[in-house]
Each structure stands twice: as C-alpha cells, then as structure tokens.
Amino acid sequence: MGKKKSAVFLVLISIVIAALCFVCTVSFHYGTDNMNTFNSVISMIGKDAELGATLPDGQNYLGGSYAAVYYPEGVLSAREYEEDLAALDGAERDAYAERYVRYPDANGAVYLEKETVCGEDGAPTEAFRTSFAATTEVVRDRLSRLSENVRLDVKDGFTLRVELPAEMGQQTTVFNYFAYMGELSVKYGTSEDSATAFSFRHDETIKDYVKGAHAATAAGGTSYVQIDFTKKGREAVRSWTADAAESSATMYFLVGDAHVIEMGVNAAIDEGSLYINNTSNPFSAAAAAAIAATIDTALDYGDTGIALTVGDAVRLDAAFGDLALTLLYVAFGVCFAGMMIFFFVRYGLLGFAHLYTYLLYLFALILCIWAIPMLYLSVSTFLAVLFGSLLLSVADAMAYESARRDYDLGKTMVSSVKAGYKRCFLPVLDTHIVLALFGVLLFAVSLTTLSVFALTFTLAVAFSGLCSLAVNRFMWAVLMSLSRNKGAFCKFKGKEDDDDE
Amino acid sequence: MSDLKKKLFIVFVALSAAIVIAGIVLYCLLGFNRSAERPESYTVEVSYDVIVDLADGGAAIEKACEDSFAAQGLKYLSKTKSPMLDEDSLVENSDHLLTYTFASAPREKLAAAADAVRAAIASSGSAENAAYDGTNVSVSVHSLAQERFYDAAWRGAVALATGAVAALIYLGIRYGLSAAAAGCALTLDSVFCTLGLYAIARIPVYAYAPLVAASVAAMASALLWMLVCIKYRACFKSPEYAGLPVLDVTARAEREALPWVLSAGGALAAIVAIVGAVAADGVMLFVLPLLIPVAVSVAGTLFFAPFVYAPVKKALARRARKKGGYVGKKKAENKE
C-alpha cells in the first residue's frame, strides 16, 4: 500500500474511532442554560438490578429494580391497619379492631381478618394456608416464565414480595396481571357484561376448550399473545363468530373477574390459534409475556381461592450500590492499560495496530449492547466483554509472533506477515468457532442472566474474530507502510529489507 | 512422559476426584452457600411521608433507628431508602420507605428496637421540636423467605452441556478424536472441580453465579486447550519432528504451548483479580471466586488433558499403521 493512501486511511480511521469514542463515552449539556443533554451511548445502555446509574440529564435512573407486595384478601399491612384505625373513633374503632388479629404476635407486621382468614382460635386456618401456598406457586410459576432475573419472597408468612428488574420495562402490567387469581374464562359478546362464556357439559372444564397461551414476537418486532384452542374450542369459536361479519363483537379472556385481554371480531374465525396484539398500544415483549403467563397459569392451576391486591410498591436503586458501575469502569481502564502496555513493550509501535483494532471491537460491541433490546450491562456481560478482549489480544499476539518467527529467519516483512497470517489463520478461526458455538448454544437454551451473558460473549467472539483476522491485518499494512524501518517498528529482530509496495 | 509429569498427573487426578466427590456430597447435603442472596432475612421498615422528608430528609428517623439497633446489639446488613410508588402507575408518591435488613436476629430484640424507634419519633413531635407534627410514620418488623426458581438453573446446566458437546464435536472434526477426547475430559474436570470447590469452600453465591463459574471454566478450558491443540497439529505436521515417536512430538508441542497457556491463563486471572479487587462488595463477591475456574482450567490444561491426549493419539496412530492404509504425507514432504 502506498504511503499517501495509507496516510489517508489512517486519518480517516482515526477520525471514525475518535467520533465513535466521543459518541459512546462522552455526555454533555448544551443549549440555553444547558437545558439539553447529550447522553453517551454507554450511559444509555440498560443496567440490571445490581448495577445502576442516573442518566447524565439527571432525569432518569437506569438499573435497579421495582418491588411490590401482594396482599391476599383478608390480610392487611400494619401501616394500612393503623391508618384505617386512626380514621375511626368510638364504637366503630373498637369494632374495626375486633375484626383483626395481629400476626404472628403482638409485634407482627400484618393483621389477619378473623372472618376470612382465621379460625376460632385466632390462628390462620389450614384451608387458608393451603390456598396461600397454591397462590404462591402460581405467582412463582408466572415469574419464572418471564425469563428475567426476578425475585419472590414470602413476606411475614402470608404476603408475597415481588421484585422485578427495572430494565425489563412494563412492571405495572406485570405487577397487576400477576395478581389476577381465579379460573380462566372466555366470553364472547358485544360488551363484557352481556358476553356469554363457553357452555361446558357437566364433565368439561375450560381445559377442554383452551390448550394454552404463550407470547411471541413477529418478524417486524411486534409482540403478540398466541392462544391455542382444542378441537372443541375451535368449533365453539367458529360457532360464536359465524355471524361476526354482520355484527362485530369482542372475545374476552378473563382470569377470575379480571379482564386480561380482548380481541375484536368482525369476521368468522375458524382457526386453532388466535394471535392477539394491541394495534393502538402495542405490547412490549414483557407485557405479552406477562399476559400469556397469566392466562396459561390460570388454565393450569385454576382458582386457588385467594384474591390478591398490589401494595407497597417501591423503586430500589442498584443492589451493589451506585459506585459499583464506576468501579467496573475503573477496572476496565486498568485492564485496558495493562493490555496496551504489554503490546507496546513487546511489539513497539505495532501496538498501535492492536489499539485501533481493539477500539473498533470495543465500540462495535458497545453499540450492539445498546441497540439490542435484550442486552443490558451487568457484571456477567462486563466479564463477557473482557473475555472477548482477551481472545482478541491472544489472536493478535499469535499473528504477531507467527510473523516474527519468519522475520527472524530472514524473510522480508511483507512475506513474513503474509506467511504468519496464513499459518495462524485457521487456528485463530478454529478457536473463535469453538467458543462461538459454545456461546450460541448457551444463549439458545439458557434463560435469564446466563442467556444475556452468552449472547454478549458470542457477539464478543464474533467481533474478535473479524477484528483479529481482517481489521488487524489491514491496520498493520496501513501503519507499516508509513514506517521506514519496519523491523524496528514491530520490534522484530532480523535482516533489514526495504520492500515497499 | 517423564516421571515428574506422571506423578503430577496422578496427583491431579486424585485431587480432582477427591474434590468432585466431596463437592457432590456437600452439594447434596447442604447445596451451595446462598447466604449472599439472603434466603431468609428480617427487615425493619419505616415508612414516612413528605412532612418528614421536608423536615430533615428522614435524618432523625435514621438516627433513632441506628441508636436503637446499637442499644439492642443488632448489626444490620444493609440500609436502603426507597421512594414509594403508586401501584397503578409506579409513579412516585411523596412517601418514602427506609429499610434495614438483618441476616438473623432475635425477634424480641427487633421488636424492642422498633418500639424504641416509635417512641423516639413520637417525642420528636413534641412542643420543643414540632418538625414531625402531623407526620404519618409507621415502623414494622418483617420476615422474608425467598422462593427459589429452579427452571433457569436446569436450563442453564443443559445449555452448558449442549454448548460444550457442540464445541467438542467441532474440535474433534478439526483436530482429531484424541483432541476431542482430551478436551471432553478437561471440560468435565474443570466444570465439576469448579462447582465442587464452590460447594466445599462454601463460597457465597448468587442465583446464577455457579452457572457463570461453570461457563467460565468450560470456556477457559476450551480456549487454553485450543492453544495446545494448535501446537500439536503444527508439530505433527512439521518435518522437523517427522519420524519421532508420538509421545516425543506431543511432549515438544506441550513445551511450545506452555508459554501461551500460562500467558493466556495468567491474563485471564489478572483480569478477574483486577475487576474483583477494584470493585464494590457485591461485585467482588461475584468476581473474585472466578479465579477458581481459571486456576482449575490452567492446571487441567497443563497436568491432565495432555496425559489423556497422548495415549489416545498413540493408540490411534498404531491402529492406523496396522491397517496399513494411506496415512497422509506431511505437507512439507509433498512440496518436496
């Protein structure tokens, strides 16, 4: 490559890298009174429940989690009880106090309604305990279908504390829908009040009509809920909607008394599955998953006998503390400095080729993590990026050492680089393929945090392979053509030979 | 195979076997140490409204809480101050929730501390200090018991196994059955020794930490073993070592691969150590134990996998010679 061409390429690549570096890492205020903020890409990447940071504009907090408590009917928090009691006086107050017993003791945090929850001895009945255990299982099953890093605790024996990561989105939908308890019912009519349900025979249940529900995402990115019917269910729906072309109606799906989802019908339906989305307010993936989980678990578990209400919602900051993210960035800086020191010491100015290659790898990965909705910054994804960095460094070092071997034997720099890359191309490719295979399958089969780690790792391996085999060689050619003493440039010992092309 | 190497191999196998067996027994009896997740805990929660927030931001309440905990000899694990939200919209209302978490504490002491906090808050609304007049402060003691999700763990284990099998199949296709067999033994050893050490050392783990550690062990083993396999292939194809016994060639290849294995393993260990050292407590708890899978992978690559590879390679080469078929010429010979 000619010197002029190389210089032009080098300037262009430097500008691109500088621009990427600026966009990815620098946040600043601008405009009148600094009213506007440019948020860097890295500040806008979602964070998981353990990491978190406020956006540079000071408006939003990324990361952390939301928590809420589910109270069964007949169970009150001490706070609510005290507030209700404080609003009453005289006989009303005494009557109210008489209705409840504090649980588990005089310092308990919840009050149980004697009539609905307790037996004659003032203790929770066995029936209530059984129903609560079944309700806990329903909520646990629903949360497990979200494929998110969620947490469920039994609080004070008879309430449920649910914690959802903030980056998941649609927490309101999830909290409210997952509180719906009861049997699944399907109704059809012009309004919910006048709608009619499937008419079962005495030996039939809803399971004889509805197989299940799950969420999916269409090719265009729209999330929807798919509800599958049995043969009987399909016939019933066909019979219902036979006149829909003349007078449109709506199909309602309810869990207990709560309306979960509906679908407008203006033509006859003769399908085994219904695909429901909300065109005016499209479902997010999390909302679709929550709706499908609510319907499917209602089908599986039926009515547990307990109704839940949502209360005590709070927002929680990063579990590891606000400093955790900053310290991770510092650790990255230390690792980066160590890597570059090694390359500059071992390979001299050839270290710049690795620097350019690495920066392109890093910014490509940052942009992918920001752009792909399911990816977010967590300790495990951070480690995946660093592992990919190690892989890239090993691959580059293999190429440099391979070329050094030939140069030390007396070959020219150009033929040494050619022979070196030829020798190490397949081994480097094989290493990347082995690790990529591992990452792809780990992503495809696993759930939650491991899945995110695996996808990030696979992307890191892919970019590492591309950068080490293509970008690094190109940068080497560009930088080397600007150097007079190629051997000294790369700190290779051997015969001097000028063979500029 | 030198005597020293044989001894190291035997020691490694014995140690691995002991770790795996002890790890399995301890896991079956006690599981992993999930104390970091706080599977069972107590909290003292104080909810207060905007009047308190405007008065002093809740500083007096925090002081009252911490004084009463100290008086009862209670030490809390964490303190969080969270804005309370409207349940329907998750928009902040003006209330706040101050939560102190305890790993374990006698309920009477927590109750006594809660009573002391209530008394302190009530007195802070006196005539001398009317800052908390009209406030709505509630103090309560709670117990929490975590519900576990097993599906993600099972899926993760299956995913790990599937990914490892696919990677090893590719390794076998490209580098031969002996490389795949040794890689398989190394991966299994690394993963189970890592999990065994986590169980034996009772390292506190979060939900997914054992799976991430097992993944790191598998990936590190794959990377380091690939570096050795690359040298094996180069040496077996090199005319310099043509005609030498299989064990001699493998020994030379392992010597050439040693700096690469130590450098890559050392770099990985350095990354984990740096991130773990320059980290918040929670991150440190997660990252520093990852030195275990890195160390196990390096040790296995040096002292275990080569001793599985060499005999298998030797046996396969002997079988190929017995068959008397075309076994292929070295590339260099073909060129000549």
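In the text below, chain A, chain B and the rest are named by the order of the sequence lines, each starting its count at 1.
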Name the region of [X], side chain, backbone, both or neither, that has any atom closer than 4.5 Å to a heavy atom of chain B.
X	answer
A:F342	neither
A:E82	side chain
A:A397	both
A:F387	side chain
A:M398	both
A:L143	both
A:L160	neither
A:T449	side chain
A:A324	both
A:F382	side chain
A:L442	both
A:V150	both
A:D312	both

Could you have a look at [options] and say which one has the most heavy-atom pairs with chain A under 4.5 angstrom?
options	result
B:S215, B:A209, B:S140	B:S215
B:M226, B:H142, B:M84, B:R107	B:H142
B:V216, B:D88, B:D281	B:D88
B:V287, B:L171, B:D95, B:L227	B:D95
B:A164, B:A267, B:S41	B:A164

Please classify the contact of [X] with chain A as side chain, backbone, both or neither, using a heavy-atom distance under 4.5 Å.
X	result
B:E45	side chain
B:T99	neither
B:L285	neither
B:L168	neither
B:I230	side chain
B:E92	side chain
B:V165	neither
B:W225	neither
B:D115	side chain
B:A264	both
B:L97	side chain

Testing the basics here: between [X] and [Y], what is the closest heavy-atom pair and its distance to 0.1 Å?
X	Y	answer
A:V445	B:A159	CB-CB, 3.5 Å
B:A222	A:V434	CB-CG1, 4.1 Å
A:L450	B:G156	CD2-CA, 3.6 Å
A:F438	B:A167	CB-CB, 4.5 Å
B:A280	A:F320	CB-O, 3.7 Å
A:R140	B:F149	O-CE2, 3.3 Å

B:E147 side-chain N/O to A:V154 backbone N/O, donor-acceptor pair under 3.5 Å: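 A pair under 3.5 Å: no.
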Test item: A:D156 side-chain N/O and B:S143 main-chain N/O as donor-acceptor pair under 3.5 Å: yes
How many angstroms lie between atom [atom1] of [X] and atom [atom2] of [Y], to the nearest 0.5 angstrom?
X	Y	atom1	atom2	value
B:Y150	A:S144	OH	OG	12.5 Å
A:S393	B:I271	OG	CD1	7.5 Å
B:Q146	A:R161	CD	CZ	10.5 Å
A:L383	B:M219	CG	CE	11.0 Å
B:F286	A:E50	CZ	CD	8.0 Å
A:T172	B:L90	OG1	CG	3.5 Å

Among the listed options A:L437, A:T136, A:D105, A:V314, the residue most often paired with chain B at heavy-atom distances under 4.5 Å: A:V314
Top contributor to chain B interface from A:L325, A:N176, A:V330 [non-hydrogen pairs under 4.5 Å]: A:N176
Inspect the surroundings of [atom1] in [X] and state if more than 12 heavy atoms from other residues, nucleotides or ligands are less than 6.0 Å away.
X	atom1	value
B:Y42	OH	no
B:D86	CG	yes
A:E401	CD	yes

Side-chain H-bond candidate by donor/acceptor type, A:R79 with B:S47, under 3.5 Å: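 Yes, a side-chain donor-acceptor pair sits under 3.5 Å.
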Between B:Y170 and A:D430: side-chain donor-acceptor atoms closer than 3.5 Å: yes
Side chain to side chain contact (heavy atoms under 4.5 Å, CB included) assessment of B:V275 paired with A:V379: CA-CA 10 Å; B:V275 174; A:V379 177; 5.7 Å; no
Residue pair A:L327, B:V283: steps toward the side chain to side chain contact (heavy atoms under 4.5 Å, CB included) verdict: CA-CA 9 Å; A:L327 290 174; B:V283 177; over 6 Å; no
Check: B:R174 and A:L426 side chains under 4.5 Å, non-hydrogen atoms: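 Yes, close enough: below the 4.5 Å cut-off.
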Any B:S82 side-chain heavy atom under 4.5 Å of A:R315 side chain: no
